[in-house]
K.L.:
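Please read through the structure below; I'll follow up with questions.
Order of the sequence lines fixes the chain letters, A, B, ..., with proteins taken first and strands second; residue numbering starts at 1 for each chain. Because only heavy atoms are used, hydrogens play no part in the values below, and waters and symmetry mates are left out as well, while side chains stay in.
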Amino acid sequence: GSTPATDRATELTVFAASSLTDAFDEMADAFESEHPGVAVRVNLAGSATLREQVLGGAPADLIVLADATAMAPLRSDGAIEGTEVVIATNDLVLAVPSSNPGGVEALSDLADPDLLVGVCAADVPCGRLADAAFAAAGVAASLDTREPNVRAVRTKLLDAELDAGLVYRTDLHDVGDRLLGIELPVAVATSYPLARLVDGPADDAVAADFAAFVLGSDGQAILAAHGFGRP
Amino acid sequence: MSGLRGRLVIRRHDFDLDVDLDVEPGSTLALLGPNGAGKSTAVDALTGIVGLDDGRIRLGGRVLDDPAAGVFVPSHQRRMGVVFQRHHLIPHLRVRDNVAFGPQAAGRRRRAARAAADDWIHRFELSELADRRPSELSGGQAQRVAIARALASDPEMLVLDEPMSALDVASRAGVRRDLAAILGDFPGPRLLISHDPTDVFLLADRIAVVEDGRITQTGTPAELRRRPATSYVAALAGRNLLRGSCVAGRIDLDDDDVTITSANTSVSGRALVVIPPQAIALHSDRPHGSPRNAWRTRVAGIEPLGDVVRVTLQAPDGLQADVTPGAIATLSLTPGADVWVSIKATEVEVWPA
Amino acid sequence: MSGLRGRLVIRRHDFDLDVDLDVEPGSTLALLGPNGAGKSTAVDALTGIVGLDDGRIRLGGRVLDDPAAGVFVPSHQRRMGVVFQRHHLIPHLRVRDNVAFGPQAAGRRRRAARAAADDWIHRFELSELADRRPSELSGGQAQRVAIARALASDPEMLVLDEPMSALDVASRAGVRRDLAAILGDFPGPRLLISHDPTDVFLLADRIAVVEDGRITQTGTPAELRRRPATSYVAALAGRNLLRGSCVAGRIDLDDDDVTITSANTSVSGRALVVIPPQAIALHSDRPHGSPRNAWRTRVAGIEPLGDVVRVTLQAPDGLQADVTPGAIATLSLTPGADVWVSIKATEVEVWPA
Amino acid sequence: MSRRIGPRAPALVVVPAAIAFSLIVAPLAGLALAVPWRRLPDLLGAPIVVEALRLSLVTSLSAALICLVIGVPLAWLLARVPFPGRTLVRAVVTLPMVLPPVVGGAALLFAFGRRGVFGEPLADATGFVLPFSIWAVILANVFVALPFLIVTVEGALVSADERVEHAAASLGATPMRVITRVTLPSIGPSLRAGLLLAWARALGEFGATVTFAGNLQGRTQTLPLAVFVALESDRDAALVISLVLVVISLVLLVALRGRWWGAR
Amino acid sequence: MSRRIGPRAPALVVVPAAIAFSLIVAPLAGLALAVPWRRLPDLLGAPIVVEALRLSLVTSLSAALICLVIGVPLAWLLARVPFPGRTLVRAVVTLPMVLPPVVGGAALLFAFGRRGVFGEPLADATGFVLPFSIWAVILANVFVALPFLIVTVEGALVSADERVEHAAASLGATPMRVITRVTLPSIGPSLRAGLLLAWARALGEFGATVTFAGNLQGRTQTLPLAVFVALESDRDAALVISLVLVVISLVLLVALRGRWWGAR
Ligand SMILES: Nc1ncnc2c1ncn2[C@@H]1O[C@H](COP(=O)(O)OP(=O)(O)OP(=O)(O)O)[C@@H](O)[C@H]1O
Ligand SMILES: Nc1ncnc2c1ncn2[C@@H]1O[C@H](COP(=O)(O)OP(=O)(O)OP(=O)(O)O)[C@@H](O)[C@H]1O
Ligand SMILES: [Mg+2]
Ligand SMILES: [Mg+2]
């Protein structure tokens with residue numbers, strides 16, 4: 001493929017799930033300063049959008065999704081080269097606004113129909129995890145919304161539009177004390193797989209370098225700084 | 001009811017209207033004037049489409065517009081039945097519904113309103129067209145619908161802006177007769193605008209002439225015909241109007257080197273002279289006998305008007321004589337030909353200017 | 001150039017037009033007829049706004065429309081200068097640009113087009129209005145702009161649909177004179193539609209009368225005036241038209257129990273009788289002396305028309321007599337009054353029907 | 001009926017029009033090719049689709065109706081009544097169009113959310129919380145769709161012939177009657193266009209709805225939300241649901257043809 | 001100037017109009033209250049905002065222009081030239097409005113993507129790949145915005161007075177000249193409304209763009225996409241960027257007032 005008016009050799013395109021926004025911005029900067037002459041472009045969107053784009057022929061070198069299962073369609077389409085590697089993990093916590101308007105103490109409280117409770121949509125990774133958490137704890141939650149992504153859940157918690165919700169641990173990381181995190185009775189976690197794409201326009205070597213950087217100590221430090229767990 | 005009394009002042013960018021209008025209940029005022037004189041503007045003011053800039057309008061005890069007092073009655077409460085110059089039929093309504101629009105607006109049920117409309121539709125011989133849309137009407141048909149619609153709205157006053165300009169000769173006579181009857185029965189004041197002298201002389205009780213935004217003459221049709229004060233009125237009445245200075249029945253015309261003698265010797269000073277075109281005789285040689293006015297001039301133009309031929313003369317400039325087609329042939333008149341003019345002094349009317 | 005030759009057939013839901021039109025180059029045909037007769041429809045067909053359903057139109061060697069042959073020349077290639085009955089000025093263009101629209105469409109530069117427009121604007125005394133928009137014009141002003149616009153487009157044929165209906169008496173005479181001159185200079189065929197007999201008799205070389213979609217009479221203005229064949233034409237010409245059976249100068253009228261004698265004894269069988277209203281005298285008693293026609297009837301209506309008064313009589317129904325206002329007073333005529341009628345046999349024209 | 005000769009379409013018109021049409025049709029064709037037709041029948045019966053379809057129709061039609069009822073008056077005021085600040089109001093009214101829908105949803109939360117400027121007093125007084133309800137879906141739809149109706153209708157009102165309205169007033173029609181009997185019928189085609197735009201915008205609305213009303217199957221999950229969710233797991237289902245949207249619109253538009261459009 | 005008496009606004013008009021206006025203003029007011037005004041200056045200068053702003057203006061204005069150039073001809077054909085299948089074409093043209101934007105983006109990929117029905121032959125022949133370029137942003141914008149222009153303009157054309165066009169044709173104007181000199185000027189307000197709608201729709205466009213063109217800062221990341229990204233990490237920034245959108249639109253709309261609207 002062609003990316004007009006730029007030098008193929010020095011431009012690396014990384015498609016990343018939107019929950020990695022801040023971490024990968026930092027990652028790109030750090031990588032660029034270590035590799036002068038290489039420009040890293042990060043394309044951020046929801047996992048499904050990224051997948052559509054890749055299937056539609058997007059000129060991407062690497063892709064990082066928020067859920068191992070989301071890679072499957074890409075693999076069956078033959079878009080992925082080599083094996084995927086997990087670069088980080090994340091787990092769910094129960095979050096309530098610091099004022100805790102619903103007086104939520106534990107996951108089992110979410111069965112109360114008078115509370116406003118939100119989790120992710122069933123088909124996105126954090127939604128699948130949420131369903132798993134409820135199942136593991138045997139809680140029949142009375143849900144009021146299934147948000148398209150975890151950031152939407154967090155935003156509504158921050159605004160106290162919701163009384164409680166399930167979010168990633170990383171989501172609590174940079175909100176100070178505006179949200180209260182409550183550990184789940186049974187921990188549920190997800191992993192972030194990274195894969196090389198067949199049609200990547202950039203040098204394979206550069207792509208490999210970036211992947212190595214992410215898995216290396218500098219990359220892992222950045223991820224850890226944003227609250228991600230080690231793979 | 002005290003009729004319509006109004007002083008209408010409208011100031012536009014390059015046109016000023018300032019006219020007094022007074023119409024008694026049960027009487028018809030014809031508002032006449034050249035194109036662009038302000039007649040339709042006056043209609044707009046009366047109907048409340050534009051507000052007065054000054055003056056005031058009273059209709060039957062109600063003040064409709066008085067900018068000084070801050071009074072302005074909106075159109076729909078004025079109860080004026082208006083035929084607009086460009087009809088303004090409601091395009092998406094059929095003829096019947098256009099006519100029924102007024103009764104319906106007055107609160108009648110759809111059925112009653114349609115029945116009322118049908119009476120008027122019948123009266124104006126529009127029954128065949130009742131289900132047409134305005135865009136499917138000929139020009140004259142649309143005009144008849146507009147008249148019927150205005151009348152059907154049961155108004156307190158009638159305002160007709162050139163209601164018959166698009167009618168054919170035959171239906172014009174009919175509509176004119178209908179209108180005469182309807183106006184005759186109509187108890188409120190009526191204002192009629194028309195460019196057709198026949199309409200005006202037949203339908204109007206009084207005439208107000210507006211020229212360039214000002215009233216230049218008022219009077220009964222007979223008065224205006226006898227004594228036109230402006231060349232517009234003279235043209236309307238089909239008279240020649242000349243200006244000059246008069247001493248003991250001898251008038252020196254202003255613009256031409258012609259002196260005219262009138263049998264009327266009572267006027268002196270600035271004078272208006274009125275001569276009917278039929279009173280002007282043309283001859284190939286100097287006429288003998290009684291006419292005290294006789295001079296020689298040239299033919300400026302010849303227009304056949306059907307039963308008579310209108311001859312325009314060069315001195316006084318634009319003087320018009322009506323003669324028979326036979327006379328044209330006998331005198332072999334052509335534009336530019338020499339001709340002798342004679343007028344009896346008794347046919348020359350003189351008025352102080 | 002071979003002028004305009006056409007047979008125009010248009011079929012509408014409840015109206016059919018089927019007329020033959022023939023206009024020589026350099027001559028003016030007046031198309032007359034009652035409201036809704038199909039005149040404007042014919043204009044639409046000539047200009048290409050509607051296509052013919054049958055027939056064909058030729059203008060100066062070009063076939064413009066011929067459904068049988070599948071020929072249809074679109075409006076913009078027909079070079080017809082049209083004054084539409086409802087003007088249709090382009091609302092967002094100023095007067096000057098409306099008039100310049102034709103020259104510009106013909107490919108002239110903006111400046112040249114405006115210069116050409118200004119000539120016509122000047123000619124129609126519209127200079128003061130050149131920067132106005134159509135919505136800021138009075139009715140008569142708009143009509144003059146429409147005429148100027150049609151002429152400025154340098155057409156091969158002129159089509160004028162009631163071009164003067166909104167003009168005031170004074171400017172109508174002026175425009176009529178201008179038009180007469182312009183038509184006189186115009187080399188192509190011209191079609192004029194008007195309801196004003198004066199316009200028609202002055203401007204037309206020939207007349208075609210259309211009633212209910214069909215031509216009912218054609219001829220020169222003089223022929224139509226002398227020998228109207230339908231009551232519409234009689235009304236237009238200001239004549240009484242009666243029908244009856246004639247034997248040796250004696251005509252039994254169809255509708256009334258009246259027999260009229262004419263000096264013309266050459267006609268026999270079905271006949272049309274034409275009597276000018278001025279030839280009818282009214283009396284309070286049986287008239288003595290020469291008139292061979294005299295009978296008694298009633299006054300149906302009285303209409304003052306300015307210099308004369310039109311009296312409508314009951315027998316024959318609708319017979320109209322023009323008398324002086326003085327006579328009305330002398331005879332104390334009122335609707336319903338008894339009156340004697342007399343007509344000289346020499347004034348009664350008879351034609352085979 | 002007489003043979004009416006329509007204007008000939010000049011090539012300069014036909015060529016760009018053809019381009020416009022292909023630009024619209026090509027992606028739709030691409031979509032139609034990608035849709036797994038044989039899965040259509042069982043997907044169409046799936047509860048997620050049925051419920052979303054019902055909800056979408058109810059909310060989008062209600063929103064369109066509300067837009068009509070409140071939008072036409074505002075458009076009329078803007079077009080006909082000079083008042084101070086009219087230009088500003090006119091500009092403000094179009095803003096929801098440029099606001100990214102997600103931000104529009106956030107703005108709705110700021111205003112009508114449980115902690116919103118107006119929502120908090122409302123919740124305190126009545127206990128009624130707007131978000132996460134069908135009312136929130138409708139409100140979000142109205143917010144994004146209203147400008148489309150207003151702008152379209154106002155544009156048409158400005159071109160309409162006021163003289164006919166004056167004539168109607170002179171016949172005794174109150175301003176209200178003039179509006180309903182003369183003005184609105186005379187801009188019929190534009191009114192229908194505006195309503196169509198508002199409805200379509202509401203039917204396709206995603207961002208503001210998901211943000212303000214949430215996404216709960218059967219309560220607030222409209223078709224576009226269902227599509228979005230399905231896209232995550234079952235792309236074929238997403239395409240089928242989209243197709244349902246397209247087909248419904250198509251059927252509605254073609255069926256209403258005679259009554260909605262150009263009955264001229 | 002004469003004292004013109006506008007119609008009195010009936011209460012039945014003012015009340016719903018006021019409701020409509022408050023429905024639009026309340027969320028905007030909520031937004032204005034939530035925006036961290038003191039962060040405005042440095043956020044406005046941030047490269048992500050500056051680049052997105054530039055890109056948004058360029059793409060939305062290009063898209064609006066393209067819509068005008070290809071949409072008006074199609075609207076005119078639909079309004080004026082009877083042709084077989086016109087009803088269907090008319091319905092099809094409105095479909096992008098109801099398609100959820102993300103699906104619209106997917107549809108664009110199906111058609112013009114590297115593997116797309118038309119995109120693959122194109123890429124094979126010329127090597128040019130549309131997606132993830134600024135052209136893709138513009139194309140996505142055109143696809144979603146075009147129906148708005150077409151529907152608005154067609155509605156107005158249907159109401160326009162054809163007799164004036166006939167008169168212009170009789171003066172020798174070719175159909176093309178009639179369109180440009182008579183028809184289009186006579187629907188000026190609706191034309192401007194349609195253009196405004198198309199532009200606004202393009203400016204706010206998110207779903208189709210992110211899917212078809214991607215979200216690459218400086219290349220395809222428009223303001224709504226930047227808002228999306230910011231929403232993930234820095235909600236305040238997202239609000240500020242939205243505000244930039246709103247203010248730009250407001251300034252543009254108020255500034256163009258005299259020339260755009262009701263210059264009657
Ligand atoms: N909307 C307007 N804006 C500015 N001037 C106008 C407007 N309407 C009319 N005028 C001008 O005001 C004057 C009076 O126009 P009006 O229509 O009242 O004339 P009128 O007496 O009815 O003429 P006509 O016999 O031709 O109908 C004219 O000079 C006309 O050009
Ligand atoms: N668009 C239309 N659809 C159906 N019938 C129409 C349409 N336009 C005109 N008519 C009818 O066709 C007939 C002829 O109309 P046309 O306008 O040609 O009459 P006209 O001779 O010009 O009359 P006028 O002197 O009143 O202008 C009338 O009966 C009219 O009602
Ligand atoms: Mg007038
Ligand atoms: Mg006509």
K.L.:
For the CZ atom of B:Arg78 and the OG atom of D:Ser170, what is their distance to the nearest 0.5 Å?
P.N.:
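The OG atom of D:Ser170 is 11.0 Å from CZ of B:Arg78, to the nearest 0.5 Å.
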
K.L.:
If you measure from NE2 on B:His92 to CD1 on D:Ile187, what distance do you get to the nearest 0.5 Å?
P.N.:
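Result: 11.0 Å between the selected atoms.
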
K.L.:
For B:Glu136, is the CD atom crowded, meaning more than 12 foreign heavy atoms sit under 6.0 Å from it?
P.N.:
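Yes.
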
K.L.:
Is the shortest side-chain N to carboxylate O distance from D:Arg163 to B:Asp44 below 4.0 Å?
P.N.:
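Salt bridge present between D:Arg163 and B:Asp44.
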
K.L.:
Between B:Ala106, B:Ala150, B:Ala105, B:Ser153, which has the largest tally of heavy atom pairs under 4.5 Å with chain D?
P.N.:
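The answer is B:Ala105.
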
K.L.:
B:Gln104 versus chain D, heavy atoms under 4.5 Å apart: side chain, backbone, both or neither?
P.N.:
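Answer is both: backbone and side chain atoms of B:Gln104 are under 4.5 Å from chain D.
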
K.L.:
Please check if the number of heavy atoms outside B:Gln77 that lie under 6.0 Å from its CD is greater than 12.
P.N.:
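Result for CD/B:Gln77: enclosed.
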
K.L.:
For a quick test of reading the model, state the closest non-hydrogen atom pair linking B:Phe101 to D:Ala173 and the distance between them.
P.N.:
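Nearest pair, atom of B:Phe101 first, then D:Ala173: CE2-CB, 3.5 Å.
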
K.L.:
Taking CZ in B:Arg5 as the centre, count heavy atoms belonging to other residues, nucleotides or ligands within less than 6.0 Å. Is the count above 12?
P.N.:
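Open: at most 12 neighbouring heavy atoms sit under 6.0 Å from CZ of B:Arg5.
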
K.L.:
How close do D:Val182 and B:Ile90 get, counting heavy atoms only, and between which atoms?
P.N.:
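Looks like CG2-CD1, 3.9 Å.
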
K.L.:
Identify which part of B:Arg149 has an atom lying under 4.5 Å from any heavy atom of chain D, answering side chain, backbone, both or neither.
P.N.:
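Both backbone and side chain.
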
K.L.:
Is there a side-chain contact between B:His76 and D:Pro175 in this structure, where contact means two heavy atoms from C-beta onward sitting under 4.5 Å apart?
P.N.:
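The answer is yes, as the side chains (C-beta and beyond) meet within the 4.5 Å cut-off.
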
